[in-house]
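What follows is one structure encoded as structure tokens, with my remarks underneath.
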Amino acid sequence: MSASVSSITGRTRVHPPGTVRDLDAAAEAAGAMMRALGIDPDDPATPDLALTPRRLAAAYAELLTPDEFDMTTFENAQEYDEMVLVRDIPMQSVCEHHLLPFVGRAHVAYLPAERIVGLSKLARVVAHFASRPQTQERLTTQIASHLDEHLRPRGVGVVIEAEHTCMTLRGARAPGSSTTTSSLRGVIKESPASRAEFLALVGRVSR
Ligand SMILES: Nc1nc2c(ncn2[C@@H]2O[C@H](COP(=O)(O)OP(=O)(O)OP(=O)(O)O)[C@@H](O)[C@H]2O)c(=O)[nH]1
Ligand SMILES: [Zn+2]
């Protein structure tokens with residue numbers, strides 16, 4: 001389930017988990033589901049529906065295919081020892097219960113040790129683990145674990161705030177509700193001062 005990884009100095013290639021995709025089979029199944037729900041993709045009165053099963057299959061394949069990327073890190077030459085936080089990283093994933101989107105923002109911080117990470121890689125880690133059927137709790141934990149393992153920092157903090165369309169558009173129909181999750185590691189978890197600094201820097205979580 002976890003990404004396969006090969007180490008190069010300062011770089012860790014993050015590969016998506018191996019997935020075999022059969023878009024034809026997925027499109028056929030999507031058409032069958034539409035028919036079972038009373039929507040006929042072949043109804044001549046709605047010709048644009050004909051390609052909808054294929055679009056649906058392609059859309060899910062796109063949402064559920066993680067990008068590969070290099071987890072580029074640099075020597076911490078300046079011995080920078082304060083917190084690094086990238087806030088408001090846009091996040092979109094698909095809940096594993098309904099395969100409906102949950103959408104929000106991630107805030108990702110770390111306390112450097114020997115190495116610092118290319119800032120964009122924090123957004124890429126979020127997107128990578130979001131591109132699979134997820135729970136918000138697991139996504140938050142996987143991002144924190146990945147940074148902990150591949151950067152070996154003194155601490156990691158991840159907060160995600162998201163709206164789950166499975167509970168805003170359907171079901172409980174609680175529009176405007178949002179869910180906040182966090183995963184803290186190392187000094188950011190253990191030291192009350194560090195934890196407070198992280199939450200203060202994230203700031204707007206409790207708006
Ligand atoms: N903990 C957690 N729950 C989630 C997440 N995404 C969706 N869910 C919940 O998964 C649960 C699935 O519950 P079920 O009772 O099996 O499904 P359901 O009958 O469609 O339930 P309702 O959504 O309440 O209509 C729901 O309560 C969802 O809100 C998530 O990221 N984390
Ligand atoms: Zn759901």
Side-chain angles (χ1 to χ4, degrees), residues 1-17 65-95 102-132 134-164 178-207:
M1 182 209 66
S2 65
S4 66
V5 163
S6 62
S7 281
I8 311 167
T9 309
R11 269 170 189 253
T12 305
R13 187 81 182 157
V14 179
H15 302 285
T65 302
D67 281 339
E68 294 187 24
F69 67 100
D70 288 325
M71 187 76 185
T72 311
T73 61
F74 308 103
E75 188 190 343
N76 185 7
Q78 273 67 49
E79 297 184 4
Y80 180 87
D81 64 357
E82 296 295 339
M83 200 169 289
V84 177
L85 166 68
V86 178
R87 216 171 56 181
D88 291 321
I89 299 169
M91 183 286 306
Q92 57 176 53
S93 188
V94 176
C95 85
F102 64 99
V103 178
R105 297 173 304 165
H107 315 285
V108 181
Y110 74 101
L111 275 169
E114 310 264 299
R115 304 193 73 81
I116 56 175
V117 66
L119 291 176
S120 68
K121 308 306 175 182
L122 299 179
R124 286 187 176 279
V125 171
V126 171
H128 181 82
F129 287 104
S131 300
R132 62 188 69 174
Q134 273 292 16
T135 65
Q136 188 173 324
E137 294 92 328
R138 191 196 302 124
L139 172 60
T140 311
T141 305
Q142 285 177 333
I143 295 164
S145 297
H146 188 85
L147 292 173
D148 212 17
E149 284 164 26
H150 297 283
L151 190 56
R152 300 268 174 225
R154 286 178 295 127
V156 175
V158 179
V159 168
I160 296 181
E161 306 166 90
E163 175 184 324
H164 288 249
S178 75
T179 302
T180 302
T181 46
S182 63
S183 183
L184 311 182
R185 303 290 164 88
V187 173
I188 297 179
K189 184 178 180 76
E190 306 302 336
S191 150
S194 214
R195 187 185 183 106
E197 182 191 358
F198 169 62
L199 293 175
L201 286 175
V202 168
R204 288 173 293 140
V205 165
S206 57
R207 273 164 315 156

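Index from 1, following the sequence.
One distance of note links NE2 of H107 with CG of D88; it measures 5.5 Å at 0.5 Å rounding. With rounding to the nearest 0.5 Å, the separation of CD in Q142 from CG in L147 is 12.0 Å. Atom CZ of R115 sits about 7.0 Å away from atom CD of E75, to the nearest 0.5 Å. Distance check: Y110 OH to I188 CD1 gives 10.5 Å after rounding to the nearest 0.5 Å. Atom CE of M83 sits about 9.0 Å away from atom CZ of R154, to the nearest 0.5 Å. The line from CG of L151 to NZ of K121 is 13.0 Å long, rounded to the nearest 0.5 Å.
Looking at residues two or more places apart in sequence or on another chain, you find no side-chain contact (heavy atoms from CB on, under 4.5 Å) involving E79.
Between the side chain of Q136 and the backbone N or O of I160, at least one donor-acceptor pair lies under 3.5 Å. A donor-acceptor distance shorter than 3.5 angstrom exists from the side chain of R87 to the backbone of L201, with no hydrogens or angles considered.
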Margin query: Working note: M71 + V125, criterion side chain to side chain contact (heavy atoms under 4.5 Å, CB included); need CA distance, chi angles, decisive distance, verdict.
Written below: CA-CA 8 Å; M71 187 76 185; V125 171; 3.7 Å; yes
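Remark: the S93 side chain and the Q134 side chain contain no N/O donor-acceptor pair separated by less than 3.5 Å.
Using a 4.5 Å heavy-atom threshold, the side chains of F129 and R138 count as separate. At a threshold of 4.5 Å between non-hydrogen side-chain atoms, the residues P153 and D148 count as touching. Residues I116 and V84 are not in side-chain contact: their nearest non-hydrogen atoms beyond the backbone lie 4.5 Å or more apart.
The list of side chain to side chain donor-acceptor pair (under 3.5 Å) pairs with a residue in residues 186-195, not counting sequence neighbours, is empty.
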